[in-house]
Each structure stands twice: as C-alpha cells, then as structure tokens.
Amino acid sequence: QVQLVESGGGLVQAGGSLRLSCAASGRTFSSYAMGWFRQAPGKEREFVAAINWSGGSTYYADSVKGRFTISRDNAKNTVFLQMNSLKPEETAVYYCAAGLLTTQLRAGQIRSWGQGTQVTVSS
C-alpha cells in the first residue's frame with residue numbers, strides 16, 4: 001500500500017493562507033483517490049476534500065468550498081491542499097488519506113492514512 005507523509009502545517013493568522021503537501025511512496029500512486037480530513041480538539045474527524053485519480057474531479061465539504069483547493073501532481077507523487085481565508089475554528093490536525101475511489105474516502109474506507117500535520121489559526 002501507499003505510504004503518506006504530510007508537511008506544511010504551522011501557525012497562521014486568521015484570514016491567512018497555508019498550503020499542505022502530502023508525499024506518497026509506493027507503487028501506483030496515480031491509481032489512488034486522495035483526500036484530506038481534519039480533527040479539531042474535542043471534535044470528530046471530518047472530511048475536508050477529495051480528488052480522483054486523474055485530478056479531474058474534486059469534492060469539498062460545504063464549510064470550505066470557495067476557500068480550499070485540492071490538487072495533485074502524479075509525476076511527483078504528491079497531493080496538495082491550498083487553504084485560503086483561514087478561520088480560527090479551523091485549527092486542527094490535518095490528515096492525508098488514500099483510497100481506491102472518492103466515494104470510499106467519504107465513507108471512511110481508507111487504504112492509508114498520513115500521520116497528520118498541525119494547523120493553528122490564531123485570532
């Protein structure tokens with residue numbers, strides 16, 4: 001299975017931007033749908049965004065539509081999450097995930113999880 005390592009988390013002021021990266025290792029990265037989840041302190045882990053194997057289809061949680069963009073570069077085995085206009089309530093650990101289909105990612109059928117990266121949005 002694919003192994004995932006996130007990077008790019010950190011501290012940012014409200015209204016600022018941050019770009020997360022998820023580097024994958026293992027064979028057939030381009031065969032996987034990829035997604036991002038987040039978990040804030042005391043809250044359930046929630047779906048944020050997903051992208052299919054080719055990058056031609058993307059899906060977003062309603063709370064982030066218009067502000068976040070998921071993309072992938074299969075040649076570099078990397079998926080990205082561009083986060084703009086960040087809000088303090090979006091402080092969370094952000095996780096990268098891989099699955100066979102975006103529908104499986106949404107259903108929690110995850111083939112591989114990353115270790116998570118902390119994003120802190122200050123007010």
Side-chain angles (χ1 to χ4, degrees):
Q1 295 186 355
V2 63
Q3 290 77 50
L4 308 173
V5 179
E6 300 99 331
S7 62
L11 177 64
V12 64
Q13 292 185 344
S17 298
L18 208 60
R19 190 190 193 210
L20 306 182
S21 298
C22 176
S25 61
R27 59 185 179 180
T28 64
F29 169 77
S30 62
S31 296
Y32 290 91
M34 302 295 297
W36 290 93
F37 295 75
R38 66 188 179 191
Q39 188 166 21
K43 297 183 66 177
E44 299 287 331
R45 186 173 299 188
E46 65 175 344
F47 169 79
V48 176
I51 188 167
N52 76 338
W53 67 271
S54 69
S57 298
T58 57
Y59 306 87
Y60 298 95
D62 288 342
S63 60
V64 307
K65 286 180 179 177
R67 297 186 297 114
F68 288 15
T69 303
I70 187 171
S71 61
R72 68 191 297 163
D73 186 341
N74 288 344
K76 297 182 178 180
N77 291 348
T78 305
V79 63
F80 305 96
L81 185 67
Q82 178 67 45
M83 305 184 293
N84 297 329
S85 301
L86 282 161
K87 305 173 182 179
E89 57 265 36
E90 293 176 313
T91 293
V93 177
Y94 283 70
Y95 297 90
C96 181
L100 294 181
L101 300 170
T102 56
T103 52
Q104 292 184 357
L105 291 176
R106 295 291 304 276
Q109 296 180 353
I110 310 300
R111 298 295 299 273
S112 298
W113 285 105
Q115 83 289 347
T117 185
Q118 177 70 47
V119 172
T120 302
V121 185
S122 65
S123 60

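Computed from heavy atoms alone, side chains included, the values below leave out hydrogens, waters and symmetry copies.
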Disulfide bond (SG atoms under 2.5 Å apart) contacts touching residues 67-123 (sequence neighbours left out): Cys22-Cys96

Quick one: side chains of residues 99-112, donor-acceptor pairs under 3.5 Å with protein atoms, not counting sequence neighbours, listed by atom name and distance.
residue : atom : partner : partner atom : Å
Ser112  : OG   : Val2    : O            : 2.5

Flag yes if Phe68 and Tyr95 sit in one hydrophobic cluster, no otherwise; membership is Ile, Leu, Val, Met, Phe, Trp, Tyr, and two members link when side-chain heavy atoms are under 4.5 Å apart. no

Are Phe80 and Tyr32 connected, step by step, through hydrophobic side chains (Ile, Leu, Val, Met, Phe, Trp, Tyr) whose heavy atoms are closer than 4.5 Å? no

If only atom types and distance count, is the side chain of Asn74 paired as donor or acceptor with the main-chain N or O of Asn77 below 3.5 Å? no

Walk me through whether Met83 and Val12 qualify under side-chain contact (heavy atoms from CB on, under 4.5 Å). CA-CA 11 Å; Met83 305 184 293; Val12 64; over 6 Å; no

Supply the atom-to-atom distance Leu81 CG to Tyr94 OH, rounded to the nearest 0.5 angstrom. 7.5 Å

Test side-chain hydrogen bond (donor to acceptor under 3.5 Å, both in side chains) applied to Ser17 - qualifying residues, sequence neighbours left out: Asn84

Can you list everything that forms a salt bridge (charged side-chain N to carboxylate O under 4.0 Å, His left out) with Arg67? Sequence neighbours excluded, please. Glu90

Ignoring hydrogens and angles, tell me if any N or O in the side chain of Gln82 forms a donor-acceptor pair with the backbone of Arg19 under 3.5 Å. no

Determine the minimum heavy-atom distance between Gln115 and Leu4, stating which atoms define it. OE1-O, 3.7 Å

Sequence neighbours excluded, the answer for ring pair (Phe, Tyr, Trp, His ring centres under 6.0 Å) partners of Phe37 is Phe47, Trp113

Spacing of Glu89 atom CD and Ser63 atom OG [to the nearest 0.5 Å]: 9.5 Å

What distance do Trp53 atom CH2 and Ser31 atom OG have between them, rounded to the nearest 0.5 Å? 8.5 Å

Criterion side-chain contact (heavy atoms from CB on, under 4.5 Å) on Gln118 and Thr91, from CA distance to verdict: CA-CA 8 Å; Gln118 177 70 47; Thr91 293; 3.9 Å; yes

State whether the side chain of Gln39 and the backbone N or O of Ala92 hold a donor-acceptor pair below 3.5 Å, judged by distance alone. no

For a quick test of reading the model, state the closest non-hydrogen atom pair linking Leu11 to Ser122 and the distance between them. CD1-CB, 4.2 Å

Mind running side-chain contact (heavy atoms from CB on, under 4.5 Å) on Val64 and Arg38 for me, showing each step along the way? CA-CA 12 Å; Val64 307; Arg38 66 188 179 191; 3.9 Å; yes

Residue pairs passing the disulfide bond (SG atoms under 2.5 Å apart) test with at least one member in residues 32-73, sequence neighbours excluded, are none

Counting only N and O atoms by type, is there a donor-acceptor contact under 3.5 Å from the side chain of Thr78 to the main-chain atoms of Ala23? no

Could you report the tightest heavy-atom contact between Phe29 and Arg72, atom names first, then the distance? O-NH2, 3.2 Å

Spell out, yes or no, whether Tyr60 and Leu18 are grouped together once hydrophobic residues are joined by side-chain heavy atoms under 4.5 Å, including indirect joins. yes

